[in-house]
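Read through the structure below, which is laid out as structure tokens, and then see the notes.
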2 protein chains.
Amino acid sequence: MNEEWVSFYKALADANRLKIVGLLAQKPYSVEQLAALLDLKPATISHHLARLAEVGLVSAKTESYYNVYRLEEKALEERTRRLLSREDFQSAAADVDVDAYDRKVVADYKRRDGSLKTIPAQRKKLEAVLRHVVKAFEPGKRYSEKQVNKILERFHEDTASLRRELVGYGLMKREGGGGDYWRVES
Amino acid sequence: MNEEWVSFYKALADANRLKIVGLLAQKPYSVEQLAALLDLKPATISHHLARLAEVGLVSAKTESYYNVYRLEEKALEERTRRLLSREDFQSAAADVDVDAYDRKVVADYKRRDGSLKTIPAQRKKLEAVLRHVVKAFEPGKRYSEKQVNKILERFHEDTASLRRELVGYGLMKREGGGGDYWRVES
DNA sequence: AATTCATTTCGATAATTATCGAATTAGATA
DNA sequence: TATCTAATTCGATAATTATCGAAATGAATT
């Protein structure tokens, strides 16, 4: 479903094909006429028209000797509609694995036993690691500071830093001054 | 002004760039993150982002270590609205010489003295030649059949055929049964 | 100031494709 | 049927470009 859009844009991503579409927007033309108008050989025009036809932008009708091409206005309108809805753009990334980056970062910092070699200094990497760490807490459950530290020890001895960052990045919250902690729903 | 459109379409005519746009439609990302998500090297992502930025689809903001890119939603909407409109397509062909085909055909059939070697048998070529011939008549003026023949003789001895085709293709008209002829405004 | 890290730039390579001439196909005319 | 004509297909070439490694840049932390 992505390929469809790519080939659509590719069809329009050429100066001569844009000119062809522009001419056909005024009236239908035969291959030979277009060749004369654009100063290209019929073979080349044929190639361009084939690419435009592939995505449904133009269609051909045989008229005596000639193959007369016309713009498919309905197809054009349909495209515009879908394009403006902008849904399709998001679906362009639908098959992208959005967690690939986090996994890559965590893999770099995690030892075999699951503990962290270090706490990342770079913000983006710290975020990725924290998103991993926070999964050790059950959503909805409340933890005392002692319980939190116990869990964080599995990842790094500097539990105070981990705890502070988790709260700082909004992955965990704390009740009032010295109350319980809980994991924030993502 | 045509180049601008071509580069816009070219910017979107690549599967990975479409995925990037799709991801940025959800939230901003750094180069490194996009590289991990699309399984490409940062250098490649940088190249793609540069092309998208060239046409104003994305913009970068430096954030501490990172270059965070975001989608320029207004630009995207503005472009998609305009670029697929029929008007703008027509202007893509604005600089095309629409008479090039006629001139090419007429040159093939015309002798040095302006007369026609033959009357073309192919419809498209006949049309082109007739559009040339009809220019010998003044718009708005009325001609008797005798006058018409006199003028058509300059082009070909078979004035009857020329006359018939001119009327048949709607380039000239005739009053009632045996009245005068006149050139139809194009 | 030195170092670390993300990004960009550069150079090279492989893949894509626009263009054209030659050969083929398909339609229409005589 | 034989002959034209327009269009398409095929093969080759030149130009464009996606991709990546290596080197350079620039910003930020220590």
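Chain letters run A, B, ... following the sequence lines, proteins first, then strands; residues in each count from 1.
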Checklist outcome for this item: B:R112 meets the salt bridge (Lys or Arg N to Asp or Glu O under 4.0 Å) criterion, sequence neighbours left out, with none

Checklist entry - When you check the phosphate oxygens OP1 and OP2 of D:dA6, does a side-chain N or O of B:K125 lie under 4.0 Å from one of them? => result yes

Next on the checklist: Centre-to-centre under 6.0 Å for B:F137 and B:Y143, is that the case here?
Outcome noted: yes

Next on the checklist: With salt bridge (Lys or Arg N to Asp or Glu O under 4.0 Å) as the criterion, how do B:K10 and B:E54 come out once you've worked through the C-alpha distance, each side chain's angles and the decisive distance to 0.1 Å?
Outcome noted: CA-CA 11 Å; B:K10 277 189 179 174; B:E54 257 174 34; over 6 Å; no

Checklist outcome for this item: Closest to the 5' end of DNA chain D, once A:Y66 and A:A50 are matched to their nearest nucleotides, is A:Y66

Checklist entry - For B:R17 and D:dT16, what is the distance between atoms CZ and P respectively, to the nearest whole Å? => result 16 Å

Checklist entry - To the nearest Å, how far apart are B:I45 CD1 and D:dG21 P? => result 13 Å

Item to check | Ion pair B:E4/B:R79, N-O distance below 4.0 Å | outcome: yes

Checklist entry - Over how many whole Å does the gap from B:Q122 atom CD to D:dT3 atom P extend? => result 17 Å

Checklist entry - Which comes earlier along DNA chain D counting from the 5' end, the contact point of A:S30 or that of B:A13, where each point is its nearest nucleotide? => result A:S30

Checklist entry - Rounded to whole angstrom units, what separation is found between the CD atom of B:E32 and the P atom of C:dA6? => result 4 Å

Checklist entry - For B:D102, which of B:K124, B:K135, B:R131 qualifies under salt bridge (charged side-chain N to carboxylate O under 4.0 Å, His left out)? => result B:R131

Measure all distances between protein nitrogen or oxygen atoms and nitrogen or oxygen atoms of nucleotides 12-15 of chain C, and list the pairs falling under 3.5 Å.
none

Checklist outcome for this item: Residues at least two apart in sequence or cross-chain that pass salt bridge (Lys or Arg N to Asp or Glu O under 4.0 Å) with B:K27, listed by chain then number, are none

Item to check | Rounded distance in Å - CG (B:L49) to P (C:dT8) | outcome: 7 Å

Item to check | Rounded interatomic separation in angstrom, taking CZ from B:R51 and C1' from D:dT17 | outcome: 7 Å

Polar-atom pairs under 3.5 Å, protein N or O versus N or O of nucleotides 19-23 of chain C: list them with distances, or write none.
residue : atom : partner : partner atom : Å
C:dT19  : OP1  : A:N16   : ND2          : 2.8
C:dT19  : OP2  : A:H48   : NE2          : 2.3
C:dC20  : OP2  : A:K41   : N            : 3.2
C:dC20  : OP2  : A:T44   : OG1          : 3.0

Checklist entry - So, is A:Y69 close to the D:dT8 phosphate, meaning a side-chain N or O under 4.0 Å from OP1 or OP2? => result yes

Item to check | Gap between atoms CG and P, on B:L52 and D:dT17 respectively (whole Å) | outcome: 14 Å

Checklist outcome for this item: Residue set satisfying ring-ring contact (aromatic ring centres under 6.0 Å, His included) with B:Y101, at least two apart, ordered chain then number -> none

Item to check | Under 4.0 Å protein heavy-atom contact, by nucleotide of nucleotides 25-30 of chain C - B base, S sugar-phosphate only | outcome: --BS--

Checklist entry - Given atom CG of A:D108 and atom P of C:dA6, what is their separation to the nearest angstrom? => result 10 Å

Checklist entry - Does any donor atom in the side chain of B:S115 or B:R111 lie under 3.5 Å from an acceptor atom in the other side chain? => result yes

Next on the checklist: I'd like to know if A:E77 pairs up with A:R82 as an ion pair, taking the criterion as any Lys NZ or Arg NE/NH1/NH2 lying under 4.0 Å from an Asp or Glu carboxylate oxygen.
Outcome noted: no

Next on the checklist: Could you check whether A:E78 pairs with A:R81 (Lys NZ or Arg NE/NH1/NH2 to Asp/Glu carboxylate O, under 4.0 Å)?
Outcome noted: yes

Checklist entry - What about B:F8 and B:W5, are their ring centers closer than 6.0 Å? => result no

Checklist entry - What are the two closest non-hydrogen atoms of A:R51 and A:A11, and how far apart are they? => result O-CB, 4.1 Å

Checklist entry - Looking only at side-chain N and O atoms, does A:R123 come under 4.0 Å of OP1 or OP2 in C:dA6? => result no

